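Taking it in order: structure first as structure tokens, then the write-up.
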Amino acid sequence: MQIKEQIESLRQELREHNHNYYVLDNATISDFEFDTKLKELQALEAKHPEFYDESSPTLRVGGTVTKNFDTVVHNERMYSLDNSYSKEDLEDWEKRMQRILGDAEVEFVCELKYDGASISITYEDGKLVRAVTRGDGFQGDDVTTNVKTIKSVPLQLKGDYPPKFDIRGEIVLPFEGFAQMNAERIENGEDPYMNPRNTASGSLKLQDSAAVAQRPLDCLLYSIVGQNTGITSQWQMLEKAREWGFKVPEVAKLSRSTDEVMAFVNQWDSGRHNLPYETDGVVVKINSIQHQDELGFTSKSPRWAMAYKFKAEQVSTLLNEITYQVGRTGSITPVANLVPVLLAGTTVKRASLHNADQIAKFDIREGDTVFVEKGGEIIPKIVGVDFEKRSQDSKPTEYITNCPECHEPLVRTEGDAKHYCVNYYGCPPQITGRIQHFISRKAMDIEGLGSETVELLYKEGLIDNYADLYTLTKEQVLPLERMAKKSAENLVKGVAESVKIPFERVLFGLGIRFVGETVAKKLARAYKNIDALMDASEESLVAVDEIGERIASSVVEFFNNETNRSIIARLKSYGLQFSLSEEQLENQTDKLKGLTIVVSGVFETVSRTELKKIIESNGGKVGSSISSKTAYLVAGDKMGPSKRTKAESLNVPIVTEGEFLEMVE
Ligand code: AMP
Ligand code: ZN
């Protein structure tokens, strides 16, 4: 075969698999095979730059850095939508339309109102040429390179598409991916993101498109605009868009009356809680494009469309007190302590106030009656104050200036949303927080020692840092509250045994800011021992795959600190692992690079932990639950039937222990 044809056929094949996987949610190839083909294509393209194609599936991984996003005028204006909140509102809208359309029968198309960042994407001759944010409706930012990394956005269309058109949709961050991103951030000592919508729209403006490619963004389309598209109804538009390869949710309904529209609204008002992404209402559109043209636009919105907003579940309650929490990295989080109140099925007692700006924005004060809301979001939030109920002698909240725990002045660096207590070695919750992190399951996993005991030990002056754990004696801990002879022995034994824990987990346990489990593994694999890592410069660190400047400077800062260096020296003298083991060095391969593998059940020849280690030392990632992104499920004995069913329904290949071990042979 000619090289050109070979490249073309690989591109075509990968496109098809991409579409099946990300748009239709129905994988037709294993991740492993996909990656192999992708690598093959990458290699061919690198060798033959003359066959470059801006729509090649290899461009999905990103890599282009945009310093400034160009402003682009929309081909056609992006309008807002009018809002309605009741059946009466809808009937009034229908009457207004009848004044223009006369007695013509109208049909309504009901769609969900996806809550994310709006986007307008231009296609020419079936190729994605530009993606622009909504901006002010007239012009927005050119975010083409970033949007191209979103896997459900087709770079090349199929079928009978018109030569040129714009398609509009919403870029969303599904809950599951959002929660996962936040879990990782918390583990890395970063603040979690507030909600999926803002995170989705923030993602579009990231300078590094490779970072965007890492985020589990999705793009849901709902409207095609342009001349001579041949489309005569909204319903047909949705169908055509699907045919051409776009992701258009199946949840939509053609209705003949406002009663039918209300039935759809009511169904999804509760049904939306089971959707994978956020929605904040229903959008009702007149089906016939001819009718739409007759109705036209007001100065800000189409007359032929109407948003019906879901009511966010909201209650009001009294805010008793604002307290402040100090995290293990010193970050301060204000917390609203509420009179307990029932909201969407759960009792809410506390809500995060995030930071000082958030309190100032709403002018939230102790003693206020506040509105608490649970929309699509997971954590309830305070959305405002009932000012009528505010008492005369209420005073504005003065944000604390000193740490509530150690009383040192707080610091807020420019660009940081939060205040920090920088008294790292003298602030009790930071000291105990670091030790608690060190002993936690994913780090040193010290048996016989829990978070409460750490606090007791610290209060009694027995420990000040994690190195002190290793000199504790049975006699010292025995007098502690609720400590018996047996538990004291277990504690000392558990600490002693932890010296066997492998290097990457020790590194994670040190609690370096932004160094989570994954980063710790990366660093351990790259530098192989702590001395090399301690000597590493920022330049050398950023050269490591997936290590950015922020992580690099945090690592350098950590190891430049004298206290940290002496603690590490002590840990070394107690025999902790500060380099990769011989075995790890021997077994490192890239065979499973980029693959997420889930392990379940009981195994015969290797333990589960060993199995996980094998996955990681071969460059793979251990997944906790099965999703369409899972490359393999390694099934042992006694695996639950639900895991199997889920894997089968998502076409995740299930392999036995033996088959898996052969793969990494
Ligand atoms: P608003 O910003 O409240 O005026 O609502 C208008 C926005 O709703 C549009 O800019 C779209 O981004 C968004 N939207 C979400 N889902 C849909 C949909 N199914 N049809 C039209 N617009 C939608
Ligand atoms: Zn402090």
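Read the numbers this way: they start at 1 and go in the same order the structure lists the ligands and their atoms. Bear in mind the structure is a predicted one, so any value in this text is a computation, not a measurement.
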Among protein heavy atoms, which lies nearest [atom], and at what distance?
{"atom": "atom 10 (O) of ligand 1", "result": "Arg134 NH1, 2.8 Å"}
{"atom": "atom 20 (N) of ligand 1", "result": "Lys285 NZ, 2.8 Å"}
{"atom": "atom 16 (N) of ligand 1", "result": "Tyr114 N, 3.1 Å"}

Quick one: does Met78 get within less than 4.0 Å of ligand 1, heavy atoms only?
->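 Judged by the 4.0 Å heavy-atom criterion, Met78 does not count as contacting ligand 1.
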Using a strict cut-off of 4.0 Å, indicate which atoms of ligand 1 neighbour a heavy atom of Glu111.
->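 Answer for ligand 1: 18 (C), 19 (N), 20 (N).
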Which ligand 1 atoms, with their elements, are less than 4.0 angstrom from a heavy-atom of Ser80?
-> 4 (O)
Got a donor-acceptor contact below 3.5 angstrom from the Ser203 side chain to the Thr199 backbone?
->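 Checking the backbone N and O of Thr199 against the side chain of Ser203, a donor-acceptor pair under 3.5 Å is found.
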Distance-only donor-acceptor check, side chains Lys87 and Thr258, under 3.5 Å |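 No.
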Angular separation of Cys427 SG and Cys403 SG about the Zn ion (ligand 2), given to 10° = 110°
Ignoring hydrogens, just give me the one of Val282, Leu81, Asn83 whose non-hydrogen atom is nearest atom 4 (O) of ligand 1.
->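 Of the listed residues, Leu81 has the closest heavy atom.
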So which of Arg168, Lys300, Gln234, Lys113 gets nearest to atom 7 (C) of ligand 1, if we judge by its closest heavy atom?
->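 When every heavy atom of Arg168, Lys300, Gln234, Lys113 is considered, Lys113 comes closest to atom 7 (C) of ligand 1.
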Under a 4.0 Å heavy-atom limit, does Tyr222 contact ligand 1 with its side chain, its backbone, both, or neither?
->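 It is the side chain that gets close, since no backbone atom is under 4.0 Å.
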Distance-only N or O hit between ligand 1 and Glu170, under 3.5 Å = yes
Could you tell me whether Leu112 and ligand 1 have an N or O pair separated by under 3.5 Å?
->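 Yes, at least one N or O pair falls under 3.5 Å.
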From Cys406, does some N, O or S atom reach closer than 2.8 Å to the Zn ion (ligand 2)?
-> yes
When Arg303, Lys300, Lys285 are each screened for salt bridge (charged side-chain N to carboxylate O under 4.0 Å, His left out) with Asp82, the one that passes is Lys300
Does the ring centre of Tyr161 sit less than 6.0 Å away from the ring centre of Tyr123?
-> no
Ring centres under 6.0 angstrom apart (Phe264, Tyr308) |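 Aromatic pair excluded; centres sit 6.0 Å or further apart.
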Is the closest basic N to carboxylate O distance between Lys240 and Asp160 below 4.0 Å?
-> yes
Examine Arg434 relative to Phe438 and say whether NZ or CZ is less than 6.0 Å from the centre of the six-membered ring and inside a 45° cone about the ring axis.
->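 Pair Arg434/Phe438 does not count as cation-pi.
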Relative to Phe178, does Arg197 satisfy both conditions: NZ or CZ under 6.0 angstrom from the six-membered ring centre, and within 45 degrees of the ring's axis?
->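 No cation-pi geometry.
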Taking everything shown except Asp136 itself, do over 12 heavy atoms lie less than 6.0 Å from its CG?
-> yes
